[in-house]
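Notes for the one structure printed next.
Residues take their numbers from the sequence shown, with the count starting at 1.
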Amino acid sequence: MSRHRCLIALTALTTPLLAQETYWIANRASMDLMEVTAWGSVVTRVPMGTSLRSAHRAPDGKIWVVRFIQTTFDIYDPVANTITNVSSTLGSPFDIAFDNQGTAWVSGGTGVQQFAPDGTFIQSFPLANAAPLGITIDTNGAKWIAHRTNPGSVTKIDMSGTVTNFPIAPGTTQPVRPTADFRGFGFPSHIWLTGDPPAGGVGELVELDDQGTVLNVYQMPNSSLGGIGPVFDRNGDIWVGSFGNGSLFQVDETSGTVLNTYLVPPTINGLNVDHYGRLWCSARITFSGVGPPCEVRRVDPATGNLEVPAILDVGGAAATGTQSALATMWQYSLVVAPFSDMDGDGVQNAIEILGGTSPTDACSANIVGVNTTGVTLNGSTASIDVIANPTTFWLLAFADGRVPAGSGITIPGFACELLLNPATSLGATASGLGTTSLPLTIPTLPIYIGYEFFIQGFANDSVNTTFTNLTGIRIW
């Protein structure tokens, strides 16, 4: 029996036998984009030929790429494998956010510019305040831009195009990164800011309401935030990171209390939340030259446990200088366009996020969605999570391989496509009804380190039959 078949056979003993979404990251020094799966493997590398600051996924699936201190940016189309270069009229772009119509708002240089999904220029908003850096969009469609100045400020551009600047008290943080949070349907966002700490001070987290009033300034002990985060999780807690020492702070949104402090050493250079509510911390392991690849580390917000490190290396091409967050649609799906349907599966973005399925994979929907969670370290126990209606029957299969991209197998009577490669079947299945979490025990055998396998199946709700989305496990 091969090591791969042995793994599945052993884990099957602990469980009853019963399209794919990905994220993108830009790497500054190695000058490339990389595509990361939800289970921490890296599947694509796109050389860009220039230093990069960050990547941002648009609602139509294209990847907008901010170059490092340049007056152009790029739009990469993963389907056509094309790159479109777009010129900025206001100087060097810094950040990008998308509105509920799919248009892009690009901050940086001397203001903010709006572009159509194909990169066509729409309008610009020159701003009187200097250093417009990070940008976010709130539940009302207003754009908020952080100004890294002393004293700092934040600018709001409302839906009518009215521009208003709100000062931050002198001696507090110089804002770099804003985020608009989700407080429930019908409730306006609060705006959270991180940035450079005041001279000789500790890192701070600033909270404003949707009218620009500063509500609170919270201190993060023993940190230098430097604009890492903030992001919010499924419970509404705010998370901020430190690139000074790798501290990761969980903050109660109602009181500013630091609920937990975790360490994700050596640094946190980017922070985001995926569609299943998990944290991803970017770690700049090597800036340039020879050294280990940079990583994006998936962290369980409930425990702070490192679930899996996505090692940014594809075919020996290692990422260096990574200093941005993984690009996901978490904030967009809950805050900016909760009632849109990005993947066209008939389920609104926010309903998918809150229900545990993917807003960017049409085969992960209200009928069935499959995901793997938990620590996938050699010797640990992870989980295969199935989200389904109580009367939906599902069956999952395991395989060593998947079919090449764009080569899914269509079977009459089944929605979606078979993405597992049948020739690599591991001969194990699991089945059940409705929502289930199946424990998956990984044997403590060094031979499994680096091994990856895939999981997909089909489901029937008495009306429709569909293949599930593809998921997987990477052991480290």
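- Using modelled atom types and a 3.5 Å distance limit, the side chains of Gln348 and Asp341 yield no donor-acceptor pair.
- Inter-residue side-chain proximity for Tyr23 and Arg57 is flagged as unmet; no heavy-atom pair is nearer than 4.5 Å.
- The minimum heavy-atom distance linking Leu193 with Pro230 is given by the pair N-CG, 4.2 Å.
- The shortest heavy-atom contact between Cys294 and Ala283 is CB-O, 3.4 Å.
- Within a 6.0 Å radius of CZ in Arg45, more than 12 heavy atoms belonging to other residues, nucleotides or ligands are found.
- Inspection of the Thr89 and Gln113 side chains reveals an N or O donor paired with an N or O acceptor under 3.5 Å.
- The minimum heavy-atom distance between Asp233 and Asn235, with the atom names listed, is OD1-N, 2.9 Å.
- Of all non-hydrogen atoms in Phe98 and Gly102, the two that sit nearest each other are CD2-O, 4.1 Å.
- Using a 30° and 60° split on the angle between ring planes, Phe182 and Phe185 fall in the perpendicular class, above 60°.
- A distance-only check finds no donor-acceptor pair linking the side chain of Lys156 to the backbone of Val154 [under 3.5 Å].
- With salt bridges taken as basic N to acidic carboxylate O contacts below 4.0 Å, one links Asp95 and Arg177.
- Side chain to side chain, Glu35 and Thr22 meet the donor-acceptor criterion of an N or O pair below 3.5 Å.
- Between Tyr76 and Trp64, the gap from one ring centroid to the other reaches at least 6.0 Å.
- For the residue pair Thr103 and Gln114, a side-chain donor N or O sits within less than 3.5 Å of a side-chain acceptor on the partner.
- Under the 4.5 Å side-chain criterion, counting only non-hydrogen atoms from C-beta, Thr381 is not in contact with Leu440.
- Scanning all heavy atoms of the two residues, the minimum distance from Trp280 to Asp274 falls at NE1-OD2, 2.9 Å.
- A donor-acceptor pair is defined here as one N or O able to donate and one able to accept, closer than 3.5 Å; such a pair exists between the side chain of Ser107 and the backbone of Leu133.
- Judged by distance alone, the side chain of Lys62 and the main-chain N or O of Asp118 form no donor-acceptor pair under 3.5 Å.
- Asn469 places a side-chain N or O within donor-acceptor distance of the main-chain N or O of Val370, the cut-off being under 3.5 Å.
- Tyr276 meets the ring pair (Phe, Tyr, Trp, His ring centres under 6.0 Å) test with no other residue; sequence neighbours excluded.
- Using bins of under 30°, 30° to 60° and over 60° for the plane-to-plane angle, the ring pair Tyr262/Trp239 lands in the parallel bin.
- Ion pairing between Asp74 and Arg67 holds under the 4.0 Å rule for side-chain N and carboxylate O.
- With hydrogens and angles left out, the side-chain atoms of Asp32 and Asn27 include a donor and acceptor closer than 3.5 Å.
- No donor-acceptor contact under 3.5 angstrom links the side chains of Thr468 and Gln456, judged on distance only.
- For the residue pair Arg284 and Gln323, a side-chain donor N or O sits within less than 3.5 Å of a side-chain acceptor on the partner.
- Two rings, from Phe73 and Phe115, have their centers less than 6.0 Å apart.
- Using a 3.5 Å distance cut-off with no hydrogens or angles, the side chains of Ser437 and Asp385 do pair a donor with an acceptor.
- Thr213 places no side-chain N or O within donor-acceptor distance of the main-chain N or O of Leu215, the cut-off being under 3.5 Å.
- Side chain to side chain, Asn165 and Ser153 meet the donor-acceptor criterion of an N or O pair below 3.5 Å.
- With 3.5 Å as the limit, one finds a donor-acceptor pair spanning the side chains of Glu352 and Thr357.
- Side chains of Glu207 and Asn216: a donor on one and an acceptor on the other come within 3.5 Å.
- The side chain to side chain contact (heavy atoms under 4.5 Å, CB included) test with Val112 singles out one residue from Leu127, Thr155, Val163, Leu90, and that residue is Leu127.
- For the residue pair Glu307 / Thr373, no side-chain donor-acceptor distance below 3.5 Å is found, with atom types taken as modelled.
- No donor-acceptor distance shorter than 3.5 angstrom exists from the side chain of Gln250 to the backbone of Ile238, with no hydrogens or angles considered.
- Partner Asp138 forms a side chain to side chain contact (heavy atoms under 4.5 Å, CB included) with one of Val336, Ile191, Thr179 and no other, that one being Ile191.
- Closest non-hydrogen pair, Glu204 versus Thr173, comes out as OE1-N, 2.9 Å.
- Between Trp105 and Phe125, the ring center distance clears the sub-6.0 Å criterion.
- Here Glu253 pairs with Arg183 in a salt bridge; the nearest charged N to carboxylate O distance falls below 4.0 Å.
- Under the ring pair (Phe, Tyr, Trp, His ring centres under 6.0 Å) criterion, Tyr218 pairs with no residue at all, not counting sequence neighbours.
- For the residue pair Trp330 and Asn272, no side-chain donor N or O sits within less than 3.5 Å of a side-chain acceptor on the partner.
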